[in-house]
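All values derive from a computational prediction rather than experimental measurement.
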Amino acid sequence: MHKLVLLVAALATISSTNAASSAVRMQLMHTDAGRGLTPRDLLHRMAQRSRARAERLLSQGASVPVTPGKLNNGVPDTEYLAHFSIGTPAAQPVQLTLDSGSDLIWTQCLPCVSCFHQALPVFNASLSSTFAELPCDSAACQDLPATSCRAGGSSKADDQPCRYGYSYGDGSLTFGRLVADTFAFAAGAAVPAMAFGCGLNNTGIFKSNETGIVGFGRGPLSLPSQLKVDNFSYCFTDITGSAPSPVLLGVPANVFSRDPSAVHTTPFIQNPARPSLYYLYLKGITVGSTILPIPESRFALTNNGTGGTIIDSGTCMTTFPPDVYKLVHDAFIAQARLHVFNNATATPLCFTSPPGTRPNVPRLILHLDGATLDLPRENYMFELQDADVSVTCLAVNSGGAMTIIGNYQQQNMHVLYDLANNKMSFVPAQCDMV
């Protein structure tokens, strides 16, 4: 999947913060933090991962729309890794790619017939007293798209173990057993009987040091669904900084009570063709003071389930269809009136100004159904400082038919996924204080 690579130090705890007194908390750490990367390196990695993620989300041949672990010129293609433990009494650590675009939770397990390299020990079910195989008649097995229980159109005995197969857009595969065990998070929080895949035969491009994937999608096998929470939220700190970013599962209804007038809310849209993704209704785009001449239908879902607009934690830069991107690109060139640093057709689009300066640039506003996402400069421009010139780059990409609102555009914004009421709310926030 796409990865800015934010390391999820998954401190799932029962939070006592004023933001959510009973929420399960996870801390996300940007995996580029502390690597000594220059701003130019960060921008390059962000752009590469965003383009690759968009390509994989557009793949129609996959049973789930995520590609884990690919490297693009040495850049890991994962956004977040979730760190927690499985089993009792000796909890075994795992680190799973956090993906809001899929549902299944899985990690590699012994005896591994064909597994990719991982830094952590492979999960050993024999060491856990709470481990259990799930049978064909279990609800979790029935929720899988492909299992041995229904192979070849036949039906196996209900008490037979459930074997699954999952494929991904890049041809990566995982096959294994559907099982259940206790998930142990930091600060003593533990949840028993969580269904997950024990991957025994896993092939593809898995090179971001993950042991598997944790789905945050809309299906019944995802982590939010299994925790039976009505909502979850996240708040991304500055991507160029080192402060952790919180994820909260099961926040109270009054989480935004301090300043309700600042809250924007927009409905989710269901797409039966891609049920795990979080679709929104994007109505238009403003650059500067100009509403771009783009019909609303350009952002809408088509009858066959293609196109549309999603919000995605696994994509860094927002990605527009090529014709929409060109209008945004050309509007910035026309209104900024700055020297274009790179080829005018290159992405990302960059401008230069005298060293040490921060030139004025047009505003970028996304008009959603019932909400306005008026982006602060830091959420769509990326600043570079060279010895003899300042470089300011537009942090959006050209992609495919789908519009993807990425996490760079969501920095310092508390975003609430209200699953019970099928809507999303967001408000500006100091994320390291949430």
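- With rounding to the nearest 0.5 Å, the separation of CD in Q142 from CG in L221 is 11.0 Å.
- Counting only N and O atoms by type, the side chains of S313 and N407 include no donor and acceptor under 3.5 Å apart.
- Ring-plane geometry between Y417 and Y234 is classed as tilted, the angle between the planes lying from 30 to 60 degrees on a 0 to 90 degree scale.
- Taken to the nearest 0.5 Å, the CG atom of L366 stands 9.0 Å off from the OG1 atom of T403.
- Between C235 and V434, the closest heavy-atom pair is SG-CG2, 3.8 Å.
- Here OG of S233 is found 6.0 Å from CG of L416. Values are rounded to the nearest 0.5 Å.
- Using modelled atom types, one side-chain atom of D103 and one backbone atom of R218 make a donor-acceptor pair closer than 3.5 Å.
- With contacts defined as side-chain heavy-atom distances shorter than 4.5 Å, the pair P89/S129 qualifies.
- The backbone N or O of C198 sits nowhere less than 3.5 Å from a side-chain atom of Q108 that would complete a donor-acceptor pair.
- With 2.5 angstrom as the limit on SG-SG distance, C149 and C141 do not come in below it.
- Proximity of I310 to M402: side-chain heavy atoms (C-beta onward) are separated by under 4.5 Å at one or more points.
- Looking only at distances, a side-chain donor or acceptor of T318 sits under 3.5 Å from a matching main-chain atom of G406.
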Worksheet entry | CA sep, side-chain torsions, deciding dist, call: T319, Y325, side chain to side chain contact (heavy atoms under 4.5 Å, CB included) | CA-CA 8 Å; T319 301; Y325 174 80; over 6 Å; no
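- Closest heavy-atom contact between R177 and L200: NE-CD1, 3.8 Å.
- You'll find the side chain of Y380 reaches within 4.5 Å of the side chain of L394, heavy atoms only.
- With a 4.5 Å cut-off on side-chain heavy atoms, M424 and F268 count as touching.
- Using a 4.5 Å heavy-atom cutoff, the side chains of L368 and Y281 are not in contact.
- In terms of the salt bridge (Lys or Arg N to Asp or Glu O under 4.0 Å) criterion, residue partners of D323 (sequence neighbours excluded) are, by chain and number, R298.
- Using a 4.5 Å cut-off on side-chain heavy atoms (C-beta onward), L173 and T203 make contact.
- Without hydrogens or angle criteria, N202 side chain to C115 main chain gives no donor-acceptor distance under 3.5 Å.
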Worksheet entry | Trace of the side chain to side chain contact (heavy atoms under 4.5 Å, CB included) decision for L144 with L104 | CA-CA 8 Å; L144 284 166; L104 181 67; 4.0 Å; yes
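- Proximity of a side-chain donor or acceptor of Q118 to a complementary backbone N or O of L120 within less than 3.5 Å is detected.
- The minimum heavy-atom distance between T182 and A190, with the atom names listed, is CG2-CB, 4.0 Å.
- Between L349 and F332, the shortest heavy-atom distance links the atoms CD2-CB, 4.1 Å.
- Inter-residue side-chain proximity for N422 and P267 is flagged as unmet; no heavy-atom pair is nearer than 4.5 Å.
- Checked by atom type and distance alone, the side chain of N271 pairs as donor or acceptor with a backbone atom of A273 at under 3.5 Å.
- F175 has its ring centre no less than 6.0 Å from the ring centre of Y164.
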Worksheet item: So I285 and V328, side chain to side chain contact (heavy atoms under 4.5 Å, CB included) or not? Walk me through it.
Response: CA-CA 8 Å; I285 301 171; V328 173; 4.2 Å; yes
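- Judged as a side chain to side chain donor-acceptor pair (under 3.5 Å), and not counting sequence neighbours, the contacts of S225 are S222.
- Between F123 and F131, the ring-plane angle classifies as tilted under the 30° and 60° cut-offs.
- Side-chain atoms of S100 and D312 form a donor-acceptor pair, as typed in the model, at a separation below 3.5 Å.
- Between T211 and T107 the shortest heavy-atom distance is OG1-OG1, 3.0 Å.
- Within the 3.5 Å criterion, the main-chain N or O of A395 finds a donor-acceptor partner in the side chain of Q409.
- Proximity of a side-chain donor or acceptor of Q226 to a complementary backbone N or O of A195 within less than 3.5 Å is detected.
- Not counting sequence neighbours, the partners of S126 by the side chain to side chain donor-acceptor pair (under 3.5 Å) test are N124.
- Residue pairs meeting the salt bridge (charged side-chain N to carboxylate O under 4.0 Å, His left out) criterion with at least one partner in residues 368-378, sequence neighbours excluded, are R358-E378, R363-D374, R377-E383.
- With rounding to the nearest 0.5 Å, the separation of CH2 in W106 from OG1 in T174 is 4.0 Å.
- Once rounded to the nearest 0.5 Å, the distance linking CG of N231 with CG of N421 reads 9.0 Å.
- Without hydrogens or angle criteria, T237 side chain to D432 main chain gives no donor-acceptor distance under 3.5 Å.
- Not a single donor-acceptor pair under 3.5 Å links the side chain of S102 to the backbone N or O of G215.
- Within the structure, the salt bridge (charged side-chain N to carboxylate O under 4.0 Å, His left out) test picks out no pair touching residues 224-235 (sequence neighbours left out).
- Between F236 and V415, every side-chain heavy-atom pair lies at or beyond the 4.5 Å cut-off.
- Residues C112 and G199 share a closest heavy-atom pair of SG-O, 3.9 Å.
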Practice prompt. Output, in order, the C-alpha distance, side-chain angles, deciding distance and verdict of ring pair (Phe, Tyr, Trp, His ring centres under 6.0 Å) for H414 and F426.
Written response: CA-CA 5 Å; H414 195 176; F426 55 92; over 10 Å; no
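- Judged as a salt bridge (charged side-chain N to carboxylate O under 4.0 Å, His left out), not a single pair has a partner in residues 104-122 (not counting sequence neighbours).
- Taking the ring centroids of F183 and F196, they lie under the 6.0 Å cut-off.
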Discussion item. What verdict does the side chain to side chain contact (heavy atoms under 4.5 Å, CB included) test give for L375 and I365, after you've listed the backbone C-alpha separation in whole Å, the side-chain angles of each residue and the deciding distance to 0.1 Å?
Written reply: CA-CA 6 Å; L375 296 167; I365 303 171; over 6 Å; no
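- Rounding to the nearest 0.5 Å gives a distance of 7.0 Å between CD of Q92 and OG of S128.
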Worksheet entry | Stepwise side chain to side chain donor-acceptor pair (under 3.5 Å) check, N379 with N412 | CA-CA 9 Å; N379 284 24; N412 294 306; 5.1 Å; no
